[in-house]
Structures are given as C-alpha cells and as structure tokens.
Amino acid sequence: MTAKIIVKCIIYNRALNRFLLVQRCENDDTGANTWENAGGNIEDGETPEDAVFREVKEETGITDIEIKKIAYVSVLKGKLPDLLIVYLCETATENVTVSFEHQAYVWADEAKCRELLPKAIISDFEKNRVFDILREP
C-alpha cells in the first residue's frame, strides 16, 4: 500500500484578519465548485515545505508566504489512504491570481469559512482550534 502526501495551506492575512479560500473550477473532476485551502501533492524530490511554497505560488500567485507551524495532520480515507499535512501560513499579500484549477477566491472570516468550506474541513478546524487565530488580539 502506498500513501500519497498532500500539503494544504491555511493562509492567514493579519491585516485583514481573514483566511484565504479558493474555489475549484466547475469542470474539476474532484470537488467541482467546492471551496478549499490552497495546496496539493508533493512532487518527487520536494520536502513538504517546498511543496507549500510551490503550490501557494501556483494556485494564488502569492510569493511572500511564511510558514508558521503545522496546524494539523490528517489521513484522508479512500482506496488508498492519503496523508494530509495542513500548514498555517501567513502573508501580507491581499491580491490573488487564481490558477487554472480555481475560479474564485475570498478572504474569509470565521462565518464565511463555516458557510463555504465542507463540513469535514470545518470539523478539522474546530478540533485543531484553527479559528482561534482570528480571535487573537
């Protein structure tokens, strides 16, 4: 059995006090029109952190990402399990250029995250206290 390692990036903008969410394209084979955090598969020879910088740049155009910490690790169940490493990252960038994989973006507060993100992601955010960063002074 081989597991795939996926990185996801909870991108936080302190000035906006918001998280960046991106919406998958309507013709996407996996999760069409769903909202998510930027991220993707680790490529051969990459570290998870290298993948964070590459995926964020590819999917959002943001280049000033600072990795703060691992927010949580999860296993996605499917035919083969996938290991998901979710990083909490910070940026001062506000303008986003979405890639061909996505059709929209939004800087979301907690209420907007709860409205747009799938229940499984919200559950992980709650369990791992991700929303607490929005409440810090």
Side-chain angles (χ1 to χ4, degrees):
M1 176 187 326
T2 303
K4 186 170 42 174
I5 302 174
I6 301 167
V7 296
K8 285 293 187 174
C9 310
I10 301 169
I11 302 171
Y12 176 67
N13 182 301
R14 187 170 303 280
L16 299 173
N17 195 34
R18 302 281 190 271
F19 294 129
L20 178 64
L21 305 180
V22 289
Q23 185 182 35
R24 296 194 73 80
C25 285
E26 64 185 2
N27 60 352
D28 191 277
D29 292 338
T30 321
N33 292 314
T34 59
W35 289 89
E36 64 180 357
N37 301 102
N41 297 328
I42 295 176
E43 294 181 354
D44 288 340
E46 276 187 323
T47 66
E49 291 79 13
D50 290 340
V52 165
F53 292 113
R54 178 185 52 76
E55 286 287 348
V56 169
K57 182 178 179 184
E58 286 176 4
E59 293 185 3
T60 69
I62 295 174
T63 58
D64 70 335
I65 281 295
E66 181 181 348
I67 296 174
K68 293 297 192 178
K69 64 179 182 175
I70 293 177
Y72 59 93
V73 176
S74 184
V75 175
L76 301 177
K77 294 180 171 69
K79 286 183 183 178
L80 293 175
D82 294 332
L83 178 65
L84 183 68
I85 305 172
V86 182
Y87 288 87
L88 179 60
C89 303
E90 197 167 317
T91 184
T93 299
E94 294 182 23
N95 295 321
V96 174
T97 304
V98 293
S99 72
F100 67 92
E101 297 175 68
H102 297 94
Q103 60 189 358
Y105 77 93
V106 64
W107 287 102
D109 61 8
E110 182 175 347
K112 195 66 159 174
C113 286
R114 289 181 181 281
E115 174 189 332
L116 297 176
L117 288 172
K119 290 185 187 334
I121 294 175
I122 294 300
S123 177
D124 282 341
F125 275 30
E126 290 171 342
K127 182 171 65 177
N128 295 286
R129 304 178 60 120
V130 170
F131 290 123
D132 288 359
I133 194 171
L134 299 174
R135 299 181 193 114
E136 293 175 1

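Keep in mind that the numbers below use all heavy atoms, side chains included, and drop hydrogens, waters and symmetry copies. All values derive from a computational prediction rather than experimental measurement.
A distance-only check finds no donor-acceptor pair linking the side chain of Asn41 to the backbone of Lys4 [under 3.5 Å]. Using modelled atom types, one side-chain atom of Gln23 and one backbone atom of Asn33 make a donor-acceptor pair closer than 3.5 Å. Side-chain N or O atoms of Arg24 include none that pairs as donor or acceptor with a backbone N or O of Glu36 at under 3.5 Å.
Proximity of Ile121 to Trp35: side-chain heavy atoms (C-beta onward) are nowhere separated by under 4.5 Å.
Within the structure, the ring-ring contact (aromatic ring centres under 6.0 Å, His included) test picks out the following pairs touching residues 4-34 (sequence neighbours left out): Tyr12-Phe19. Among residue pairs with one or both ends in residues 40-76, none qualify as ring-ring contact (aromatic ring centres under 6.0 Å, His included); sequence neighbours excluded.
Closest heavy-atom contact between Val52 and Cys89: CG1-SG, 3.9 Å. In this structure, Ala92 and Asp64 approach most closely via the heavy-atom pair N-OD2, 3.1 Å. Across all non-hydrogen atoms, the minimal contact from Tyr105 to Asn95 is OH-CA, 4.3 Å. Heavy atoms only, all atoms of each residue included: Ala108 and Arg18 are closest at C-CD, 3.3 Å. Of all heavy-atom pairs between Ser74 and Asp124, the closest is OG-OD2, 4.1 Å. Nearest heavy-atom pair across Cys113 and Ile122 is O-CD1, 3.5 Å.
Between Arg114 and Glu126 a salt bridge is recorded (basic side-chain N to carboxylate O distance below 4.0 Å). Salt-bridge annotation for Arg135 and Asp132: present, with a side-chain N of the basic residue lying under 4.0 Å from a carboxylate O of the acidic one.
Distance CD1/Ile67 to CG/Leu88: 10.5 Å, rounded to 0.5 Å. Note: Glu55 CD to Asn37 CG = 12.5 Å, rounded to the nearest 0.5 Å. Taking CG from Leu16 and CG from Leu134, the interatomic distance works out to 11.0 Å, rounded to the nearest 0.5 Å. With rounding to the nearest 0.5 Å, the separation of CD1 in Ile11 from OG1 in Thr60 is 5.0 Å. Rounded to the nearest 0.5 angstrom, Leu21 CG and Thr34 OG1 are separated by 11.0 Å. Atoms CD and CZ, on Glu59 and Phe100 in that order, are 8.5 Å from each other to the nearest 0.5 Å.
Side-chain polar atoms of Asn17 and Glu136 form no donor-acceptor pair below 3.5 angstrom. Under 3.5 Å, the side chains of Asn13 and Thr91 contain no donor-acceptor pair of N or O atoms.
Hydrophobic clustering (ILVMFWY, side-chain heavy atoms < 4.5 Å, transitive): Tyr87 and Val73 are in one cluster.
In this structure, the side-chain hydrogen bond (donor to acceptor under 3.5 Å, both in side chains) partners of Lys68, at least two apart in sequence or on a different chain, are Glu66.
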